[in-house]
Protein chains: 2
Amino acid sequence: MTKIKESSTRNYNKGLSELACPVTYVMNKIGGHWKPIILYHLMSGPKRYSELKRAIPAITEKMLIQHLKQLQDDKLVTRKAKDVVPPYVVYSLSKSGESLTPVLTAMVAWAVRDNKRYSQVSA
Amino acid sequence: MTKIKESSTRNYNKGLSELACPVTYVMNKIGGHWKPIILYHLMSGPKRYSELKRAIPAITEKMLIQHLKQLQDDKLVTRKAKDVVPPYVVYSLSKSGESLTPVLTAMVAWAVRDNKRYSQVSA
DNA sequence: CATAATACATACTTTGGGGTAAGTACTTGT
DNA sequence: ACAAGTACTTACCCCAAAGTATGTATTATG
């Protein structure tokens, strides 16, 4: 959870720029080292917690649920749990989450072009 | 400058995800609380250092040059200085920088729609 | 003589993101 | 009896990004 101090210039600025700058609004939602990766994996369909875990071996469980929670709070993914034991939890993209796809693909397209542009120089 | 330790898991992961995830590649370039704002202001044309400073009153001078430098290192903006006194320095978008515009506008479009979606509920 | 304006630089502190490691509850398989 | 799999939680540490504050060189202007 790691509660955040409401005061502090940091947070004040964060709030301001989120209001003022839509790009920052987006980044606060999909930023963080794991969120785009998680979103990417959910784009190919709903996944169980353990499936995501196996699909992203480098992520720790703490980071995984932490980001999944934030993504839920930001209404980008939805969680569905069957109340059985062993637990069965499925995460999937919400409508907002799905509508992010073109944004992410635009980023990917740019990244590929940009990377090519400079890797050729140094290669 | 704030040199970064080359070792450390943090950086290792950062490097990995930048290779593996194009989205992260983009975010490492336009992430940080001020970069998108700076880029936005440069999209309306080249600007002097002091113009940027006045256009973004909340930013400190340290943050401004720091990010301008990183944007230069990432080949997104170019710096042109006339060697006169008082100094006259102009920053403008590079080709890569300009090619980012559709990405940023895609983000903006999504942000506006997404924000509308939920502000209506709580309004 | 001192202040303003230009475009920075640099030392210092804070804090939130990310990482490590370990524990929880409940059941099935050996 | 105990290890393994499910989906988490919790306490703790580290560090890089962000912020605060001050200094620099030069010239013009009151």
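- B:H41 places none of its side-chain heavy atoms less than 4.5 Å from the side chain of B:E51.
- Using a 4.5 Å heavy-atom threshold, the side chains of B:V26 and A:W110 count as touching.
- Taking atom CD1 of B:I38 as the reference point, atom C1' of D:dA18 lies 13 Å away to the nearest angstrom.
- Following rounding to the nearest Å, A:L71 (CG) and C:dG17 (P) show an atom-to-atom distance of 14 Å.
- Partners of B:K53 by salt bridge (Lys or Arg N to Asp or Glu O under 4.0 Å), not counting sequence neighbours, listed by chain and number: B:E61.
- Phosphate contact (OP1/OP2 of C:dG17, side-chain N/O of A:W34, threshold under 4.0 Å): absent.
- Between B:Q66 atom CD and C:dT10 atom C1' there is a gap of 12 Å when expressed in whole angstrom units.
- Between the CD atom in B:Q66 and the OG1 atom in B:T60 there is a gap of 8.0 Å [rounded to 0.5 Å].
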Can you pull every protein N or O that's under 3.5 Å from an N or O on nucleotides 3-8 of chain C?
unit_1, atom_1, unit_2, atom_2, d
C:dT6, O3', B:R48, NH2, 2.9
C:dT6, O3', B:P87, O, 3.0
C:dA7, OP1, B:R48, NE, 3.1
C:dA7, OP1, B:R48, NH2, 2.8
C:dA7, OP1, B:V89, N, 3.4
C:dA7, OP2, B:S50, N, 3.1
C:dA7, OP2, B:S50, OG, 2.8
C:dC8, OP1, B:R79, NH1, 2.2
C:dC8, OP2, B:R79, NH1, 3.2
C:dC8, OP2, B:Y91, OH, 2.8
C:dC8, N4, B:E61, OE1, 2.9
C:dC8, N4, B:E61, OE2, 3.4

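- Taking atom CE of residue A:M63 and atom C1' of nucleotide D:dA7, one finds them 16 Å apart after rounding to whole Å.
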Pairs of donor and acceptor atoms involving the side chains of residues 71-80 of chain B, under 3.5 Å and at least two apart or interchain, shall be tabulated with distances.
unit_1, atom_1, unit_2, atom_2, d
B:Q72, NE2, B:L68, O, 3.3
B:T78, OG1, B:S92, O, 3.3
B:T78, OG1, B:S92, OG, 3.2

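- Put simply, the side chain of B:Y40 does not reach to within 4.5 Å of the side chain of B:L104, judged on heavy atoms.
- Here the P atom of nucleotide C:dG18 and the CG atom of A:L64 are 13 Å apart, to the nearest Å.
- Distance, A:H33 NE2 to D:dC15 P: 16 Å, rounded to whole Å.
- For the pair A:L68 CG and D:dT6 P, the computed distance is 15 Å after rounding to whole Å.
- In this structure, NZ of B:K62 is placed 11 Å from C1' of C:dA9, rounded to the nearest angstrom.
- Under 4.0 angstrom from either OP1 or OP2 of C:dG17 there lies no side-chain N or O belonging to A:H67.
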